[in-house]
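Order of listing sets the numbers, starting from 1, for every ligand and every atom in it.
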Amino acid sequence: MDPSVPDPPEMLTSPPPHMTPDEFRQHGRAVIDWIADYWERVESLPVASTVAPGDIRAMLPDAAPEEAEPFEHLLADLDRVVLPGVTHWQHPGWFAYFPANNSPPSVLADTVSAGLGLIGLLWSASPAMTEIESHVLDWLVDLLSLPGHWKTTSTGGGVLQGSASDATHVALVAARHRASARSGLPATQMVAYTSAQAHSSVEKGANIAGFGVVRLIETDEHRAMRPDALRAAIEADAAAGLVPAFVGSTVGTTGTTAVDPVRAICAIAREHELWHHVDAAYAGTAMICPEFRRHQDGIELVDSYVFNPHKWMMVNFDCSAFYLAEREALTEALSIEPPYLRNAQSDAGNVIDYRNWQVPLGRRFRALKLWWVLRSYGAAALRQMVRHHVAMARELAQRLDDDPRFEIVAPHPFSLVCFRCSPADESQTSQEAADRATDAVAAEVNDSGVAYLTPSKLDGHSIIRVAIGQSRTDREHLDRLWKTISEAAV
Ligand SMILES: *Cc1c(COP(=O)(O)O)cnc(C)c1O
């Protein structure tokens, strides 16, 4: 106890002063108007923020206010303080990283979710949260033609996580649990495999889950995992007394959207009793169109799968859909039953308690925005969006292909195109000149303010990634991007 701080005086306490319902209606309308205005004018703003480190903090007072400020001041500071420090992910000239495309119904649903203010720790903490989540994820199984046994009405089930990284982490935990039951050996003896092109979340998740070894398997000329190299690594590890326990394959890698051979990896995983997890964080949304499903041939044989509706399905962050073929394999690894969470429905096994499918206890009502997006657009419009983006990616690729100044550096099965400035020949000097030219094009496009893309490296050389997937992007934006690229290149 700090003796210099006296006890609060004895008095009759009361709740703090809130906005009245009418004030909330008034300010709420102003906020929705602000967002609608933002969406209308976002295209006129430079895509990337140009503030220097510390610029935003310098506009903030040193201490939190002791007395209430009028709401108008808060709203005004969105324009004064926040917007200068915003890089506009919802700009139609957004071609960087992968998209995080949102949509009006998704934003409205998230607002409702905040208004309800629920924490769905268990089914009984708000039954609608769990049941809508299970049901809508079962819908997606049919819409994306995922295996039927992944439905919650069968042996599997879907759950919304905050990120693909979270999903991959808990898949690794389930794999560890299964391998430890089988081998009796500790996690430090276990090996997780993934390709050298896989997302860093696999390695990170394996480290958190305590795996002793992570092996990055080499890839082929299309940057897909080589099954023969995977098999050789597993056999060498098993011979050395280690426990091969997990393999993570990727459908649509972050670097170039390379696609691992899922069916061939499944055969190896089954033979050696590895948990097989598929990361389709970006490309998963494309499976709503039948023509892309061949890229995940063999999917009915995997143990778990994740994709992010918050990347390409117009559901705003965060919303990551994680599926299991056998839900018990995960819940056995994660269930802990303290007395304060016991209740009749859970004890009777009549309900799903999603707390046993994830690391946190508390969870948001994320399913609402997914449900509203699916209902507001309908599957047909989502297919239309995916095909529009993929068509524009092919058009851009065609322009790059037709122009001798550029070369495409990787297949583009979805809507990401990776290219570089062509070197004059194979010599070291020409390669270095091409790297410098590529970096210069990326910098010029990003400085232009009309488009934003990601400079990256592939095999040690500079490349440019153009990810087409913002919900408002259309051909005029692609034309503007192409014009900027073309003028920047020598
Ligand atoms: C974006 C991406 C991730 C990471 O997603 P988070 O939801 O941010 O964790 C993982 N894997 C792949 C292939 C990705 O493209």
Under 3.5 Å: N or O atoms of ligand 1 paired with protein N or O:
from     : atom 1 : to     : atom 2 : distance (Å)
ligand 1 : 7 (O)  : Ala164 : N      : 2.7
ligand 1 : 7 (O)  : Asn308 : ND2    : 3.0
ligand 1 : 9 (O)  : Ala164 : N      : 3.3
ligand 1 : 9 (O)  : Ser165 : N      : 2.9
ligand 1 : 9 (O)  : Ser165 : OG     : 2.6
ligand 1 : 11 (N) : Asp279 : OD1    : 3.3
ligand 1 : 11 (N) : Asp279 : OD2    : 2.6
ligand 1 : 15 (O) : Thr254 : OG1    : 3.0
ligand 1 : 15 (O) : Lys311 : NZ     : 2.8

Subject >> Note: Asp260-Arg226 ion pair, threshold 4.0 Å (strictly below) >> reply: no

**OP:** Could you note down all residue pairs passing ring-ring contact (aromatic ring centres under 6.0 Å, His included) where residues 438-466 supplies at least one of them, sequence neighbours left out?
**Re:** Trp94-Tyr452

**OP:** Mind jotting down which residue pairs meet the salt bridge (Lys or Arg N to Asp or Glu O under 4.0 Å) criterion with at least one end in residues 140-162? Sequence neighbours excluded, please.
**Re:** Asp142-Lys151

Subject >> side-chain hydrogen bond (donor to acceptor under 3.5 Å, both in side chains) between His310 and Asn308, worked out >> reply: CA-CA 5 Å; His310 72 229; Asn308 285 350; 3.1 Å; yes

Original post:
Could Glu133 and Arg363 be called an ion pair, given the rule that one side-chain N must be under 4.0 Å from one carboxylate O?
Top reply: yes

Original post:
Could you give all pairs that pass the salt bridge (Lys or Arg N to Asp or Glu O under 4.0 Å) test and reach residues 304-328, with sequence neighbours left out?
Top reply: Asp318-Arg364, Asp318-Arg366, Asp318-Lys369

